[in-house]
There are 2 protein chains.
Amino acid sequence: MDNVRKPARVTSFDVAERAGVSQSTVSRALSGSSVISEATRDKVLGAAQELGYFVDERAARLRRGHTGTISTVVICKPGGGARDVNPFSYALLGGICAAAAERGLEVLVSLQAEEERLFGHYVERGQAEGMIVIGTTANRTAWDYFRKVGENTQPVAYWGSPLGDLDWVSSDNEAGARLAAEHLVEQGCKELIVVGSHTSTQRQFAERVDAFIARAKQLGVAASLATIEPGGARREQGRMATEALLEGGESFDGIFAVCDALAFGVMEALQTADLSIPDDVKLVGFDGIPASELTTPPLTTIEPDLDQAGRLLVEAIADGSEESSTRRVPVRLLVRGSSERTGFSFTVNSIG
Amino acid sequence: MDNVRKPARVTSFDVAERAGVSQSTVSRALSGSSVISEATRDKVLGAAQELGYFVDERAARLRRGHTGTISTVVICKPGGGARDVNPFSYALLGGICAAAAERGLEVLVSLQAEEERLFGHYVERGQAEGMIVIGTTANRTAWDYFRKVGENTQPVAYWGSPLGDLDWVSSDNEAGARLAAEHLVEQGCKELIVVGSHTSTQRQFAERVDAFIARAKQLGVAASLATIEPGGARREQGRMATEALLEGGESFDGIFAVCDALAFGVMEALQTADLSIPDDVKLVGFDGIPASELTTPPLTTIEPDLDQAGRLLVEAIADGSEESSTRRVPVRLLVRGSSERTGFSFTVNSIG
DNA sequence: TAGCGTATTGCATAGCTATGCATTGCCCTT
DNA sequence: AAGGGCAATGCATAGCTATGCAATACGCTA
């Protein structure tokens, strides 16, 4: 009556009738309970098969009291839509989906920008066990919102380093930055630049900057920061920072860009200025997004293990670890043409 | 008793008690029913607020008989995991999420490869209204499976052109291929090559190939097909097809690659052979993935409107159009450095 | 004042499953 | 043969909401 197109769902009662048992027996047989005899189980399975029966997850979850679902929110830039999502976020999303599938969990995905009313109360509404929040850290409104959600005892796991004392997972920024420094020094660089920022809203970048400069100093090479304009980390900003650097007349022979998107802009600016990569300047990025392989020359970069990242994030929700857990995903150095010109590429893993 | 950490959910009965009304009044007030008086509605809203009440979607959906959710399955290559997903699929996923959000629908995402047991029965289990299937068409097993699902009266919408008479949405392949042909001819090309394939499992490619060759012929320019090796459309395959072309001694001055990933391989092979793009050979891709902007030179490509694509796919499920609907997403030509060297880039829209 | 229409609200139930507890039937022991 | 123990199954209910229908209250007309 509500809706004509519903073809009258087959229920466990129908299966029970057909198999000549009670509904509770059907439920137990199908869920693999060990108290059911083989003969009965076969009967039930047969009847279910014949009737095309499937458990109604809505009812099962209502009864069980849990959802078997994780909600993943990708925070977008306030203005931009789906088109504006960093490829890294998508890659990470892939890792999350894979990890969830491994554990038999479903993943609910939503892209969210500025609309406060869109920020879902998935957990409160019984749609998910918890939320994983990834995406740009530049959208302050969104992060503040989810921080509040997380503090209200909702299970929330973040990618990156938000403000506050919440569960979060990130790349091993320090190990990665050290690998970058070591590699550039090994390649003979004497004057290093790190393109990035050092603000509280982009703590991941700050970690990379600090570790890079420290390690370079340790190795006896000077390194200084070229700060990008605030608000996201896109190619545009890498380009502008590098142009400023060139105009400033600073001298350098190696650059570490704290993310690949920035590195693309650095590359653009250097090439526009007729500087050769890697002959005049060697360049290393961070994130290992697929596109990094496509530039000319291909970009040397630090690649986090995204499968592991997905697993840690899912774990943080599924296992509901009480102590605020902060975990680092191992990274590796992918050496490509932007930092050496032998045409021979290789990999260096971080420890752990 | 089942689980300790559940903090005793606030129900609509609690709100009712607090507001001094019945549970049904709470339900109606919260769902915006017009029969409720303003005064009562305010009372209820206030009580709900104070108690931190949220509707339990599991129960609501069980009662309503629908889910408000669309399941999106991204088909992966049998071997590869999340890391192997074409960036285009992710971009499309973004469009789907945006379109679903517009209509107040949730999106359940799963990456699926070979494991038959993983192919979810989301619809049968009452988890979703229908399924959107995207991803590689090279995974025959998966496509066959979902085709069967779709034929069994399940609402399934596909991206691309699967076998059988099912609902599907794709780029306007013919318009895009024509734009490519026209552009290359305008740029002065006299001998054209299209890198792609013409098999039944990659019907989208076949459409592009045919339309490109036909339009070129119409414009008085010869065009022939360089077939890639079967099984997916990755960079590798574009490279190999181009190498074969070069070894064969064929002469050409313009190439249309039926997808960007292939174009990247074409570019690689051409550059390895010391051919200049666009001076010696002009190159156009298809799909408009973000990475296409990063090559050197940047890749001219045909970009489908992904927001529109998402909307059409979601529409196919949400509106449950009875007639098997096949729809084309408009495309536009993004002119970049790989097809002309003025350093000036522009856009041409397809009609409609 | 009685009667009636309308605006609000409450009552009762369906939607489907999982599971605690009671029950049944059977075999084995003494 | 009687009693006890165990394996297998059934009964009854909770989980929370949305909604058809009944009931109430109120205002207005005659």
List the atom pairs, donor and acceptor, that lie under 3.5 Å between side-chain atoms in residues 43-50 of chain B and the rest of the protein, sequence neighbours left out.
from	atom 1	to	atom 2	distance (Å)
B:E50	OE1	B:R18	NE	2.8
B:E50	OE1	B:R18	NH2	2.5

| request: Consider the side chain of A:L62, meaning its heavy atoms from C-beta on, and name the nucleotide among D:dT17, C:dC16, D:dG15 that approaches it most closely. | output: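 For the A:L62 side chain, the nearest candidate turns out to be D:dG15.
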| field | Minimum-distance nucleotide (side-chain atoms of A:T11 versus C:dC11, D:dA18, C:dT17) | value |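 Nearest listed nucleotide: C:dT17.
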Please determine if a side-chain N or O atom of [X] lies less than 4.0 Å away from the OP1 or OP2 oxygen of [N].
X	N	result
B:R64	D:dA18	yes
A:S24	C:dT19	no
A:S12	C:dC16	no
B:S27	D:dT19	no
A:S37	D:dT9	yes

| Under the salt bridge (Lys or Arg N to Asp or Glu O under 4.0 Å) test, which residues partner B:E102, sequence neighbours left out? |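 Salt bridge (Lys or Arg N to Asp or Glu O under 4.0 Å) list for B:E102, sorted by chain: B:R311.
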| task | List in chain and number order the residues that pass salt bridge (Lys or Arg N to Asp or Glu O under 4.0 Å) with A:D305, two or more places apart in sequence or in another chain; answer none if no residue qualifies. | result |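 Applying salt bridge (Lys or Arg N to Asp or Glu O under 4.0 Å) to A:D305 gives none.
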| query | Between B:R58 and B:T25, which is nearer to the 5' end of DNA chain D once each is assigned its nearest nucleotide? | reply |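 Here B:R58 is the residue nearer the 5' end.
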| Mapping B:G20 and A:R28 to their closest nucleotides on DNA chain C, which lands nearer the 5' end? |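 The residue mapped nearer the 5' terminus is B:G20.
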Determine all donor-acceptor pairs shorter than 3.5 Å in which one atom belongs to a side chain in residues 26-35 of chain A; sequence neighbours excluded.
from	atom 1	to	atom 2	distance (Å)
A:S31	OG	A:S27	O	3.1
A:S31	OG	A:R28	O	3.3
A:S33	OG	A:V35	N	3.4

| field | Axial bend angle, the helix from C:dT1-D:dA30 to C:dT30-D:dA1: five-pair end segments, nearest 10° | value |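 Roughly 60°, once rounded to the nearest ten degrees.
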| request: Have a look at B:L105 and tell me which of B:I317, B:V314, B:T69, B:T67 forms a side-chain contact (heavy atoms from CB on, under 4.5 Å) with it. | output: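 Passing option: B:V314.
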| task | Would you classify A:V26 as touching base, sugar-phosphate or nothing, given that sugar-phosphate means primed atoms plus P, OP1 and OP2, and contacts are heavy atoms under 4.0 Å? | result |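 Since no nucleic acid heavy atom lies under 4.0 Å of A:V26, the category is nothing.
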| request: Give me the residues of residues 39-47 of chain B where at least one heavy atom lies under 4.0 Å from an atom of DNA chain D, by number, or none. | output: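 Output list: empty, so none.
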| Exercise: do A:R327 and A:Q308 side chains pair donor with acceptor under 3.5 Å |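 No, A:Q308 and A:R327 have no side-chain donor paired with an acceptor closer than 3.5 Å.
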